[in-house]
Amino acid sequence: MNRKYFFFDIDGTLTDNKTGKVVESAKQTIQKLKDNGHFVAIATGRAYYKTIKIAKEIGVDHIVSNGGAAITINNELIENKPLPHDKAVAICKQIEELGYGILIATNDSIDVTMLNDHFINQVGFRKEPTRYFLDKSLSYENIKDIYKIYISIPREKEVDFSLLNSLGHIRFVEEYLTFQHDRKDEGIKKVIKYLNGRVEDVVVFGDDYNDLVMFNDEWTSIAMGNACEELKQKASFITKENIDNGIQYACQHFGWIEKVK
């Protein structure tokens with residue numbers, strides 16, 4: 001059997017969205033894939049620091065994180081690039097002019113910096129552990145690195161935001177918009193090149209809009225049964241829902257692991 005290179009999204013693919021826990025059959029399937037000689041990695045929009053724990057839990061040593069801008073091979077972080085600086089600064093300036101709050105991740109951690117408290121006043125605190133630093137003298141141009149930007153613009157007001165599509169973005173929660181890298185496909189290709197593998201042997205699993213970019217015609221793309229319709233339309237194969245052993249089902253279907261007798 002040809003060695004395959006598997007890349008799994010986390011939220012809604014490996015994990016149950018209701019509990020946040022890894023689906024047990026997914027964890028077991030990953031171990032079987034490794035036992036069969038396949039390469040297994042995570043591919044996520046999550047920051048690197050947020051991905052390490054779950055990677056250890058499921059026994060995965062390779063990660064494409066930060067939306068494809070961070071590469072980890074054999075538990076070694078090879079690179080982790082911030083957003084394009086000029087575009088990130090332009091977004092912050094326009095959002096400030098529109099009167100919405102901004103949080104800026106200036107490194108790969110739970111820390112965010114803010115010029116004022118507009119974000120918190122408008123939408124409250126973020127939905128995950130965050131440390132907030134207020135800097136009233138903050139100059140966007142002087143920030144060395146910008147990894148992510150969180151803005152409190154309502155969905156219905158996005159029409160006023162002309163720079164919306166200048167960088168990758170997603171609304172993980174309804175209250176605020178997140179700007180982050182949207183280049184999982186590029187991250188996957190970098191890993192394959194590093195390993196001297198073949199892109200046609202890549203297999204990706206995903207469920208949501210931020211997985212669209214990694215559903216590439218060059219390889220096998222598998223949508224979970226709980227995936228958004230747009231992703232299913234791009235998929236090579238649609239499996240069962242993640243909590244209904246969807247990862248296991250797909251891997252058995254293609255013969256990458258043996259069916260349970």
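Quantities reported herein were computed from a predicted structural model and do not represent experimental measurements.
A single hydrophobic cluster is not seen to contain both I243 and I54; linkage of ILVMFWY side chains at heavy-atom distances under 4.5 Å, directly or through other members, places them apart. Clustering ILVMFWY residues whenever any of their side-chain heavy atoms sit less than 4.5 angstrom apart, transitively, puts L115 in a cluster other than the one holding F125. Under a hydrophobic clustering in which Ile, Leu, Val, Met, Phe, Trp and Tyr are joined whenever their side-chain heavy atoms come within less than 4.5 Å, directly or via other members, L83 and M114 fall into different clusters. Cluster membership for I238 and V203, using ILVMFWY side-chain heavy atoms within less than 4.5 angstrom, is not shared.
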- Query: Passes salt bridge (Lys or Arg N to Asp or Glu O under 4.0 Å), E128 versus K50? Steps please.
  - Reply: CA-CA 11 Å; E128 54 192 276; K50 289 178 61 180; 2.4 Å; yes

- Go through the steps for K21 and T15 under the test side-chain contact (heavy atoms from CB on, under 4.5 Å), then give the verdict. CA-CA 5 Å; K21 295 182 179 180; T15 63; over 6 Å; no

- Apply salt bridge (Lys or Arg N to Asp or Glu O under 4.0 Å) to D9 and K184, showing your working. CA-CA 10 Å; D9 171 55; K184 286 186 185 180; 3.5 Å; yes

- When you look at V89 and D86, which way does the side-chain contact (heavy atoms from CB on, under 4.5 Å) test go after all the steps? CA-CA 5 Å; V89 169; D86 291 347; 5.8 Å; no

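Side chain to side chain, K259 and Q252 fail the donor-acceptor criterion of an N or O pair below 3.5 Å. Of the N and O atoms on the side chains of N75 and D61, at least one donor lies less than 3.5 Å from an acceptor on the other residue. Donor-acceptor pairing under 3.5 Å is lacking for the side chains of N216 and D185.
Between H169 and F179, the angle of the ring planes lies from 30° to 60°, which puts this pair in the tilted group.
Centroid-to-centroid, the aromatic rings of F119 and Y150 stay 6.0 Å apart or farther. Proximity of the aromatic rings of H62 and F39 is defined here by a centroid distance below 6.0 angstrom, and this criterion is met.
With sequence neighbours excluded, the residues forming a side chain to side chain contact (heavy atoms under 4.5 Å, CB included) with Q28 are E24, listed by chain and number. Scored by the side chain to side chain contact (heavy atoms under 4.5 Å, CB included) test, I52 finds Y48, K56 as partners (sequence neighbours excluded). Residues passing the side chain to side chain contact (heavy atoms under 4.5 Å, CB included) test with N116, sequence neighbours excluded: H118. Looking at residues two or more places apart in sequence or on another chain, you find a side chain to side chain contact (heavy atoms under 4.5 Å, CB included) between S25 and V23, N245, Q248. A search for salt bridge (Lys or Arg N to Asp or Glu O under 4.0 Å) contacts involving D16 returns nothing, not counting sequence neighbours. With sequence neighbours excluded, the residues forming a side-chain hydrogen bond (donor to acceptor under 3.5 Å, both in side chains) with R46 are D11, listed by chain and number. Legend: residues meeting ring-ring contact (aromatic ring centres under 6.0 Å, His included) with Y49, ordered by chain and number and at least two apart, are absent.
Residues in residues 111-125 take part in these salt bridge (Lys or Arg N to Asp or Glu O under 4.0 Å) pairs, two or more places apart or across chains: D111-R131. Among residues at least two apart or in separate chains, there is no ring-ring contact (aromatic ring centres under 6.0 Å, His included) pair with a member in residues 212-232. Screening residues 195-207 for salt bridge (Lys or Arg N to Asp or Glu O under 4.0 Å) gives K4-D201, R198-E200, R198-D201 as the qualifying pairs, with residues at least two apart or on separate chains. Within the structure, salt bridge (Lys or Arg N to Asp or Glu O under 4.0 Å) contacts touching residues 228-247 (residues at least two apart or in different chains) do not occur.
The two atoms that bring N242 and N226 nearest to each other are N-OD1, 2.8 Å, heavy atoms only. Shortest non-hydrogen contact noted between G168 and D182 is CA-CB, 3.8 Å. A pairwise comparison of heavy atoms in H181 and K81 identifies NE2-O, 3.1 Å as the closest pair. Across G101 and S152, no two heavy atoms sit closer than the pair N-OG, 2.8 Å.
Among F254, F6, F7, the single residue meeting the ring pair (Phe, Tyr, Trp, His ring centres under 6.0 Å) criterion with H38 is F6.
Contact check on K27 versus E57 returns a salt bridge, with a Lys/Arg side-chain nitrogen under 4.0 Å from an Asp/Glu carboxylate oxygen. Comment: R126 does not engage E175 in a salt bridge, judged by the lack of any side-chain N to carboxylate O separation of less than 4.0 angstrom.
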Validation: residues 90-100 side-chain donor-acceptor distances under 3.5 Å, sequence neighbours left out:
{"unit_1": "K93", "atom_1": "NZ", "unit_2": "E141", "atom_2": "OE2", "d": "2.2"}
{"unit_1": "Q94", "atom_1": "OE1", "unit_2": "S162", "atom_2": "N", "d": "3.2"}
{"unit_1": "Q94", "atom_1": "OE1", "unit_2": "L163", "atom_2": "N", "d": "3.2"}
{"unit_1": "Q94", "atom_1": "NE2", "unit_2": "S162", "atom_2": "OG", "d": "2.7"}
{"unit_1": "E96", "atom_1": "OE1", "unit_2": "Y140", "atom_2": "OH", "d": "3.4"}

